[in-house]
Amino acid sequence: MALAPVTAPPASVDGFVKQFLENLNLERGVMLSSSSANDQYMALANTVRDYLIARWLEDQRRQKVAQAKGVCYLSAEYLLGRQLDNNLLATRLTEIATDALAQCGIDLDELRQQEVEPGLGNGGLGRLAACFIDSLATLSVPSIGYGIRYEYGIFRQTFENGEQIEQPDAWLTLGSPWEFPHPENAQTVSFGGHTETYEVDHEGEKVTRSRWIPSWNVQAVPYNYMVPGYHNGRVNTLRLWRSVATNSFDLSGFNSGDYEEAVRAQTYAETISKVLYPEDSTPQGKELRLQQQYFFVAASIGDFLDHMLAPGYDLTNLPNRVIFQLNDTHPVIAVPELMRVLVDEKGMEWDAAWAITQQCFAYTCHTLLPEALEVWSVDLLGRLLPRHLEIIYRINDEFLLAVRKRFGDDEMRIRNMSIISEHPNRSVRMAYLATVAGAKVNGVAELHSQLLRERVLPDFDEFYPGKFTNVTNGVTPRRFIRLANPGLANLITEALGAGWTVDLERLRGLEAFAEDPEFRAQFAEVKAANKRVLSEVLLARDGFELSEDHLLDVMVKRLHEYKRQMLKVLHIVTSYESIVSGRVKASDMQARTFIFGAKAAPGYAMAKRIIHLINAVGSVVNNDPRVEGKLKVIFPPNYNVTLAERVVPAADLSEQISLAGKEASGTGNMKFALNGALTIGTDDGANVEIRQLVGDDNFFLFGMAEPEVEALWAKGYKPAEFYQADESLRRALDLIASGAFSGGDRSVFEPIVSNLLYDDRFMVLADYATYIEAQAKVDLAYADQDAWTKAAILNVARSGFFSSDRSIRDYIERIWHTPPAL
Ligand code: DL6
């Protein structure tokens with residue numbers, strides 16, 4: 001019997017009202033008159049879903065029939081941000097929903113505030129994954145995102161006496177209307193145990209095979225999310241896994257009164273997807289983290305093979321059907337998992353399985369920091385995943401054999417290239433495993449890709465010519481222009497017509513408008529309006545008030561020493577010190593508000609101390625009458641995607657001041673440029689490309705370039721020499737050391753000062769002087785508002801390259817080779 005396909009409700013105000021009220025009644029079990037704001041938000045989300053479902057089901061059906069090559073994006077993090085507005089925008093329903101709700105006496109804006117954003121990522125890497133799935137859908141690429149449905153996302157940050165306190169992020173408490181759980185499609189994921197060999201007959205001969213006898217397992221339950229493309233009707237899937245116990249509890253234990261023991265297995269199993277691992281660049285050998293990684297990739301590969309392939313699919317064709325993109329090293333354990341499935345479960349010969357595996361994976365590296373390149377101790381891996389360790393050993397043996405064949409017995413090279421590192425402990429280098437297994441390896445900005453090839457993995461680059469490539473990151477213009485900055489979006493549409501949202505290079509057309517005084521005035525008014533909106537948000541959220549006519553100087557990103565929030569602090573302290581010492585009159589100073597947003601990993605003591613210092617400097621500077629309100633430091637806690645959408649469009653100046661060679665790319669830098677903030681930045685990560693595109697006149701460059709950094713290290717960097725030689729730096733550091741920001745207690749920030757004077761791994765003191773000079777240029781430039789606005793417009797006009805649509809097109813062309821969807 002042919003069943004009628006589900007159809008979307010009529011895209012009209014009446015149709016929307018009817019669907020919304022039905023959802024209130026049928027899904028929430030309430031009448032409009034007795035509904036809470038949460039009921040209304042849930043019913044609204046359900047209504048938007050109703051408009052998407054028909055296309056979602058149809059796209060899945062088509063892909064199953066077509067069996068065209070698609071992308072499986074494997075990422076431990078997706079920092080999604082709120083879903084409601086994005087889904088309304090994608091489906092062209094914003095106006096209809098506004099009017100429909102108004103008919104019901106409801107303000108859409110109030111319901112927007114009900115949504116708790118899913119913070120399933122730490123920072124740039126997770127937000128990039130969210131931008132990429134948006135672009136994949138918008139470009140109609142058959143694809144699925146796989147990840148973990150953490151019960152608690154990135155911690156909620158509060159401040160107590162200026163110090164960071166971490167609170168659990170219970171984002172699911174009021175329900176999660178965007179997800180579809182499918183317990184019937186759960187995958188079993190096993191752990192522990194041992195391996196054994198056995199013999200089988202193969203073409204008349206006895207051959208020895210291995211198998212894994214695990215000791216425990218959990219169920220991975222899929223939760224599906226719709227990922228709508230922008231105005232193209234396409235709806236892709238994000239599938240996040242939740243861990244549950246195989247047997248929910250031991251009934252006999254329960255009946256005999258041992259309640260704790262009876263639910264122990266359940267509690268243990270559910271721990272795996274309980275919390276997002278709160279480190280983003282200093283992974284430690286945490287067993288749970290490895291469990292999480294294996295949990296989600298094993299479930300994803302199992303799911304793909306079980307549910308996405310046509311029945312009886314010939315697995316030798318797998319490379320024509322899928323590419324698994326490894327988002328950093330977190331999912332790299334997928335490589336031995338696919339080998340295990342192909343060899344142990346599907347009975348394939350090793351060589352055939354390896355040939356398939358090497359074509360089915362590609363690896364994106366997101367870091368240059370050695371401590372962020374993940375390694376797993378052989379002890380832990382062997383205990384948790386003994387068969388996988390065997391497989392990794394064999395991959396390594398064969399790889400090293402090939403290396404010897406090519407380069408001879410160069411033992412040092414062999415040691416350097418081995419997937420297994422022997423020092424300081426025997427461990428598996430996941431980036432090496434990914435590089436050996438991946439068809440392609442990419443960095444995330446030109447400079448990063450170059451350094452990855454030349455500094456991090458040079459032997460591999462030599463061994464595998466053509467394997468390394470670059471795909472510069474990008475951000476979605478849907479969320480970060482259309483939703484975040486409707487004023488600018490309207491102005492662009494008036495100037496250029498529709499269509500730029502999916503063809504961002506068209507922003508180039510704005511260059512001509514930069515010459516038009518009327519357009520400049522409109523552009524400046526949009527910026528001013530965005531500042532007013534931000535001011536209202538900060539007032540309501542945290543009680544901060546923004547002063548008018550201040551240059552809005554913004555540094556929002558994870559707190560890490562390499563990103564150098566300390567350099568920003570030194571600039572603020574320098575300005576403050578120059579006022580209180582009487583050398584500069586406050587009235588002569590360009591008024592500035594410094595906005596920070598930053599979370600520090602809970603175990604990262606220095607980062608937390610820097611947060612404390614920023615808050616301490618803020619409370620002194622903001623309350624000192626000598627400053628006459630000319631300097632203001634604002635640090636709203638719990639910076640997240642929702643706040644970013646208000647901060648970025650309001651900013652005048654974007655701080656991208658990492659030590660050259662440390663920031664892989666950055667994506668905040670792109671969001672700011674696209675929203676007309678000028679960048680003050682080093683030649684690092686994607687800043688390099690931003691500067692090249694927007695032009696030196698529209699970018700404040702400072703600091704050492706990467707070769708100079710290397711040269712200074714080689715010469716022997718002594719930060720105290722910079723302190724001695726620079727009076728202004730001395731004054732600033734001495735002021736911090738004096739206890740001026742800690743009620744006279746010199747000990748509070750002493751570790752920061754000593755660290756800078758005697759260690760300074762990220763060369764803050766070496767770049768201080770050029771940074772202060774560049775900031776003086778910023779003040780001068782800002783004094784000519786019209787010229788500043790022109791430079792801001794040129795930033796927007798020339799940043800179209802940084803659309804994540806372009807990144808995805810580059811992935812398709814350079815790595816995935818996926819044909820367009822039907
Ligand atoms: O590629 C996305 C993002 C880059 O923009 C940042 O520069 C980079 O620091 C970040 N990397 C990570 C992973 N750290 N580790 N491992 O978050 O990726």
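This one's a predicted model, so the numbers in the text were calculated from it and none came from an experiment. We count ligands from 1, going down the list as the structure has it; atoms in each ligand are counted the same way.
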> Y464 vs F460 aromatic rings, parallel, tilted or perpendicular, using cut-offs 30° and 60°?
Replying inline: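 Because their plane-to-plane angle is under 30°, the rings of Y464 and F460 count as parallel.
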
>> Tell me whether the rings of W816 and Y811 are parallel (<30°), tilted (30 to 60°) or perpendicular (>60°).
In response: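 The arrangement is parallel - the two ring planes meet at less than 30°.
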
Quick one: which ligand 1 atoms are inside 4.0 Å of a heavy atom on [X]?
| X | result |
| --- | --- |
| Y562 | 9 (O) |
| D328 | 16 (N) |
| A664 | 7 (O) |

> Of the backbone atoms (N, CA, C, O) and the side-chain heavy atoms from C-beta on, which set of N122 has a member under 4.0 Å from an atom of ligand 1: side chain, backbone, both, or neither?
Replying inline: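 Under 4.0 Å from ligand 1, N122 contributes no heavy atoms.
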
> With backbone taken as N, CA, C and O and side chain as the heavy atoms from C-beta onward, which portion of T329 lies under 4.0 Å from ligand 1: side chain, backbone, both, or neither?
Replying inline: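 None of T329 does.
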
>> Looking at non-hydrogen atoms alone, which of K563, E371, H366 comes nearest to atom 8 (C) of ligand 1?
In response: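 Considering heavy atoms of K563, E371, H366, the nearest to atom 8 (C) of ligand 1 sits in H366.
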
>> For atom 5 (O) of ligand 1, tell me which residue out of G666, A129, A372 has the closest non-hydrogen atom.
In response: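 It is G666 that holds the nearest heavy atom.
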
Got a salt bridge between [X] and [Y], using NZ or NE/NH1/NH2 to carboxylate O under 4.0 Å?
| X | Y | answer |
| --- | --- | --- |
| D553 | K568 | yes |
| D767 | R564 | yes |
| R691 | D683 | yes |

> Do R806 and F801 meet the cation-pi criteria used here (NZ or CZ under 6.0 Å from the six-membered ring centre, within 45° of the axis)?
Replying inline: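 Yes, a cation-pi geometry holds between R806 and F801.
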
> Any N/O of T367 closer than 3.5 Å to an N/O of ligand 1?
Replying inline: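 N/O-N/O distance under 3.5 Å: no.
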
>> Regarding ligand 1, does E663 bring an N or O atom to under 3.5 Å of one of the ligand's N or O atoms?
In response: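 In this structure, E663 places an N or O atom under 3.5 Å from an N or O of ligand 1.
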
>> If we only consider heavy atoms of G123, is any one of them less than 4.0 Å away from an atom in ligand 1?
In response: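 Per 4.0 Å heavy-atom rule, G123 does not contact ligand 1.
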
> Which heavy-atom pair separates L534 from A650 by the least distance, and what is that distance?
Replying inline: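 The answer is CD2-CB, 3.8 Å.
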
